[in-house]
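Please read the structure below before turning to the comments.
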Amino acid sequence: MNDKRIELRSTITCPQCGHSREETMPTDACMYFFVCDRCGTRLQPKHGDCCVFCSYATVPCPPIQAGTGCTSEPPVNRRPRRRTSGREM
């Protein structure tokens, strides 16, 4: 039996501008992206971290706290397709 209490509130801090905000972490999924309220920077997990809370917040995500680790894979970053004018050269 695990008596360790899982914290669901964590303060996430933007590395670009330093703005901090307390957030409630999801318990059923990892949060891969977070947009800073102040500067608009889109945060993504650092290499090796499963989510933005593990990278930029005061408390790691619930699966990491529980010792089970995150089992979901982050989405693949894809570049947007270039629009073509439809004209042949």
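Positions are given from 1 along the sequence.
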Determine the minimum heavy-atom distance between Val52 and Phe34, stating which atoms define it. CG2-CB, 4.0 Å
Testing the basics here: between Gln65 and Arg5, what is the closest heavy-atom pair and its distance to 0.1 Å? OE1-O, 4.2 Å
What heavy-atom pair brings Phe53 and Cys61 nearest, and what distance separates the two atoms? CB-N, 4.3 Å
Starting at CE of Met31, measure out to SG of Cys54 and round the result to the nearest 0.5 Å. 12.5 Å
Please find the pair of heavy atoms, one from Gly18 and one from Thr13, that lie closest to each other, and give the distance. O-CG2, 3.7 Å
With a 4.5 Å cut-off on side-chain heavy atoms, are Cys39 and Cys14 touching? yes
Would the distance check show the side chain of Tyr56 and the main-chain N or O of Cys51 forming a donor-acceptor pair, the cut-off being under 3.5 Å? no
Spacing of CE belonging to Met25 relative to CD belonging to Glu23, to within rounding of 0.5 Å: 10.0 Å
Transitive ILVMFWY cluster of Ile64, excluding itself - 4.5 Å side-chain cut-off: none
For Leu8, the hydrophobic cluster (side chain heavy atoms closer than 4.5 Å, chained through members) also holds Ile6
By side chain to side chain contact (heavy atoms under 4.5 Å, CB included), Ser55 pairs with (sequence neighbours left out) Pro45, Lys46, Asp49
List in chain and number order the residues that pass side-chain hydrogen bond (donor to acceptor under 3.5 Å, both in side chains) with Thr11, two or more places apart in sequence or in another chain; answer none if no residue qualifies. none
Using side-chain hydrogen bond (donor to acceptor under 3.5 Å, both in side chains) as the criterion, list what pairs up with Thr41, not counting sequence neighbours. none
Sort and list the pairs that fulfil salt bridge (charged side-chain N to carboxylate O under 4.0 Å, His left out) and have at least one residue in residues 7-19, not counting sequence neighbours. Arg9-Glu22
